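Here the structure is a predicted model, which means the values were calculated and not measured. Letters A, B, ... are given to chains in the order of the sequence lines, protein chains preceding strands, and every chain is numbered from 1.
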Amino acid sequence: MPDLDQSTQNGSPLLEGLTDAQRAAASALEGPVLVLAAAGSGKTRVITRRIAYLMEQGVPAWSILALTFTNKAAAEMRERIEKVLSPAGGESRHARGLVVTTFHSLCARLLRRYAEVLGLNPDYSIYDTSDQLSLVKRLIGELDLSTSNFPPRQVLSVISNSKNQLVDAEMFAASAMDFSTRNIAKIFTAYQRGLKKAGAVDFDDLLLLTAKLLREHAQVRRECQDRWQWMMIDEYQDTNRAQFEIASLLAGTPEERGAKPNIFVVGDPDQAIYGWRGADISNILDFEERFQGARVIALGENFRSTAPILSAADTLIRNNRQRKHKDLFTKRPGGERVTVTLTRDERHEAEILTDWMRDLIQASADGDRPMTWNDCAVFYRTNALSRVVEDQLRRAQVPYVVVRGTAFYQREEIKTALAYLRVVANSDDDVSLLRVINTPTRGIGKAALGLLQNFAAGHGLSLFAALRRADEISALSPRARNSVREFVSTVDHWNGAGSFMGASLPGSLRDLAERVITESGLESHYKAQAAKNEAEEDRLDNLAELVSSAAEFEENYDPADDPMQFDAAVAGVGTDEPHMLALLRAYLESVALVADADAVDSETGAVTLMTLHAAKGLEFPIVGMVGLEENVLPHSRAHTSDQELEEERRLCFVGITRAMEHLHMTAAKYRTVRGISERTIASRFLEELGSEHVHMTDRSDSLGGYGPSTGTGESWEDSANQFPQTRSISSSARQSQRADEGSQMAAGLREGAMVRHPRFGAGKVMSVMGGSNARAKIDFRTVGVKTLVLEYARLEPLD
DNA sequence: GTTGCCAAGTTTTTT
DNA sequence: ACTTGGCAAC
């Protein structure tokens, strides 16, 4: 371990520009440190500088491990570190080997590396919610239980909670007493057996199995501890029990280390919003107990928001009882009050926010800092609320982007194509195989499939192994037998019968993806569909987009980036394995672990729309929040306990504290839920903002003539005096003026402009279509005209 | 074996 | 409102 010179540290240029508290945190190098960082207090800055500073002090990059919650946050942090290390730009040599990643990715890699120790297939698939669901449904059937007594979703949620508490199927079964719980335990056990047989793990297993691996295998633990001498965890308040255990095991004990472990965690209890996913705020309290002698540093000063926004947030969060109060303060003077508006209905709500943003942008045009749509964001509690806002923005021709990173991968055609690839990587993966075996239909229907599944179960085989022995099933019709034979040989053709050594193997991941899509018949299937139904045309584009995503991944793939390449000597494992398989595996892993928040792109020139959860960690000068109503925020499902209600309040707090300069919160008097318009009740959180820093307006009766008339409910009457009536000044006159500009910004592209695509090369923009899935028709020199979904197409403008 | 229609449940947030 | 799953007709 390098000798850290404590005396010179404050002189490092890397610590310049930090406040005293920030500097204290960034330069607290050794031993356990807990940083309680209030919203907007510069915690990312502290972590970034600290890592850079460690390296400057001679700590090798590869001995540092930084954990974040989203890939996006990890990528950003890495970028910022590289910037700090070499401000002039250019390759930074220092950062090589530095691991900045998410808990889940780290675990995925650890499990890959030590698969053998756990008796796990190293080519394991990662099951997402829908894969889990289809497995559990099948098992409930096989166990002769009914899905109405055991709703698969609920069963899965019990299983997930259990795993997050580090309780595996065995332990769960041991403590299951009543009838229902015992049956759930049966399903749990069967589920784990099913996963194991399929060579698959779910999201929770990634954590649970890693915790097990580290706990039970001292050798593995030692290897990891030797490698990572310095650990950092961001958003620590959102770690669950399993993550705490993993962090704890990686950090080690003073006895194991011969010194206090260097673990540095940063969190804010007021921003804990993942309790429902098993996150446990007591991890913050337990930190000092587990890591004796931990230093605790508080960052209180806010550098993000104006005073009124901050005061409103502070006033709100004081309503949480289970909380240690810490002052939020800013030295920034001035700032306008927070706007709260009661609107007629959800369309009116979206309209008002749109006008508001447009007016702010206009007003700033002549100032020293002109704003653009890029500076605006709209947050909502549930994804369903985005639609109306989208509609309104589209009508007003305002460019916008919906942050939903997982949406692409959940489309039917993409899921199917990926299922094919998963079968190529791991033919034991029954859930994926079942998805593709008759998609598109190839004559292996219910009857044939039943026989094959029986045969598999009877011989203890995976389904694919049963397919290979289809000839032994006499009941199978010759026709089906033929289809099966053909299917098996197609798959064999793709993966060299599982060995990836066959002569006809495709040379690249892109080729493989392309071949799978055509040779599986998916392409012609969707082509036929598209000919019948225009709405299906997207699917072909999406499949093409998947191929480019694979191509892009391949281009950026560097096996040396794998955090498990401990060093050339230790890495031994896997050096002579087929490159193609490693690549495919890494690709499938990367698509399995995308998060919604990963799709945030600050360069689009568009308003950003996202859930409050996805907004964590971000900031925008102009923020709108919709749906400040009871049963929306706080959500109707969060009314059963104080804990849930307080989490909703923190969620609201997170939204407010994203705003730097302007904040507008709205509530609709009537909201259409599942087709029917319902009277709403204003969110209790609005009152809890206090009145001093808030400007409330009731516009629910303005522009009358639409929606039900007032007077039926008491809900708004109670607080009527808080919403003084004002006349709405429509800015629609200004709308058309900026409309053209807006739609072009949506794409960031103009017709006739030249762009570069990672795969297709240079091309000319023929036309641009805005909206939620903005597309552009582009004429490429190499491949001709293609329609691309801008969100996924990584186009670069060329001038 | 495949296709198309109707009924029912459904979504709170996400790795 | 919108998707999903089950069932009957082709």
Side-chain angles (χ1 to χ4, degrees), chain A residues 67-74 101-108 126-130 132-134 137 141 147-148 151-154 157 160 163-164 201-208 210 235 238-240 242-243 272-279 379-388 403-407 409-412 438-450 477 479-480 483 529 532 589-599 610-616 627 631-640 644 647-648 650-652 654-655 672-677:
Chain A
L67 294 171
T68 61
F69 275 76
T70 63
N71 296 301
K72 173 79 183 169
T101 188
T102 65
F103 264 105
H104 289 266
S105 304
L106 176 76
C107 291
I126 300 173
Y127 279 3
D128 70 10
T129 318
S130 65
Q132 292 178 282
L133 220 44
S134 80
K137 276 180 193 162
T147 49
S148 45
R153 288 191 80 93
Q154 279 179 41
S157 127
S160 172
K163 286 183 181 177
N164 285 326
V201 304
D202 64 21
F203 287 130
D204 303 314
D205 281 337
L206 289 173
L207 304 176
L208 176 71
T210 303
E235 308 285 7
D238 287 324
T239 50
N240 61 31
Q243 287 163 325
I273 54 177
Y274 284 102
W276 52 273
R277 209 169 71 189
F379 305 148
Y380 33 81
R381 174 67 237 265
T382 65
N383 282 302
L385 297 182
S386 78
R387 264 192 74 149
V388 192
V403 174
R404 255 203 127 182
T406 56
Y409 296 101
Q410 279 165 2
R411 290 167 204 265
E412 174 193 302
N438 207 28
T439 320
T441 52
R442 54 169 67 84
I444 309 178
K446 237 195 325 199
L449 201 51
S477 75
R479 218 178 91 112
S483 303
Q529 297 278 307
K532 275 188 276 178
E589 179 184 300
S590 78
V591 301
L593 299 178
V594 285
D596 279 353
D598 293 343
M610 67 187 118
T611 63
L612 285 163
H613 283 90
K616 192 177 69 166
N631 298 324
V632 177
L633 181 65
H635 194 267
S636 53
R637 301 234 181 168
H639 277 308
T640 49
E644 285 174 330
E647 181 154 315
E648 295 291 304
R650 289 194 293 270
L651 202 45
C652 188
V654 165
T672 307
V673 184
R674 289 207 263 280
I676 36 171
S677 173

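- With sequence neighbours left out, A/His613 forms a ring pair (Phe, Tyr, Trp, His ring centres under 6.0 Å) with A/Tyr274, A/Trp276.
- For B/dT12, the OP1/OP2 oxygens have no side-chain nitrogen or oxygen of A/Asn383 closer than 4.0 Å.
- At a threshold of 4.0 angstrom between heavy atoms, the contacts of A/Asp204 with the nucleic acid are absent.
- At distances below 3.5 Å, at least one donor-acceptor pair connects side-chain atoms of A/Asn164 with backbone N or O atoms of A/Arg277.
- In terms of the salt bridge (Lys or Arg N to Asp or Glu O under 4.0 Å) criterion, residue partners of A/Lys616 (sequence neighbours excluded) are, by chain and number, A/Glu235, A/Asp238.
- Nucleotides C/dT4 and B/dT13, compared at atom P, are 15 Å apart to the nearest Å.
- Annotation: side-chain contact (heavy atoms from CB on, under 4.5 Å) contacts of A/Pro151 (sequence neighbours excluded): A/Gln154.
- The side chain of A/Thr672 places no N or O atom within less than 4.0 Å of a non-bridging phosphate oxygen (OP1 or OP2) of C/dA1.
- Take A/Thr439 and apply the side-chain hydrogen bond (donor to acceptor under 3.5 Å, both in side chains) test, not counting sequence neighbours, and it matches no residue.
- B/dT14 has no stacking from A/Tyr274 on its base ring, since the centres under 5.5 angstrom apart and planes within 30 degrees of parallel are not both found.
- The side-chain contact (heavy atoms from CB on, under 4.5 Å) search around A/Asn438 returns A/Thr441, A/Arg442, A/Ile444, not counting sequence neighbours.
- A donor N or O paired with an acceptor N or O is not found under 3.5 Å between the base of B/dT15 and the side-chain atoms of A/Arg277.
- Listed by chain and number, the residues in a side-chain contact (heavy atoms from CB on, under 4.5 Å) with A/Ser386 are A/Tyr380, A/Glu390 (sequence neighbours excluded).
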At a cut-off of 3.5 Å, list every protein nitrogen or oxygen paired with a nitrogen or oxygen from nucleotides 3-7 of chain C, distance to 0.1 Å.
residue : atom : partner  : partner atom : Å
C/dG5   : OP1  : A/Lys137 : NZ           : 3.0

Could you go through nucleotides 8-11 of chain B and list every protein N or O atom that sits under 3.5 Å from one of its N or O atoms, giving the distance for each pair?
residue : atom : partner  : partner atom : Å
B/dT11  : OP2  : A/Arg153 : NE           : 3.1

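- The side-chain contact (heavy atoms from CB on, under 4.5 Å) test applied to A/Asn71 returns A/Thr102, A/Ser105, A/Asp598, not counting sequence neighbours.
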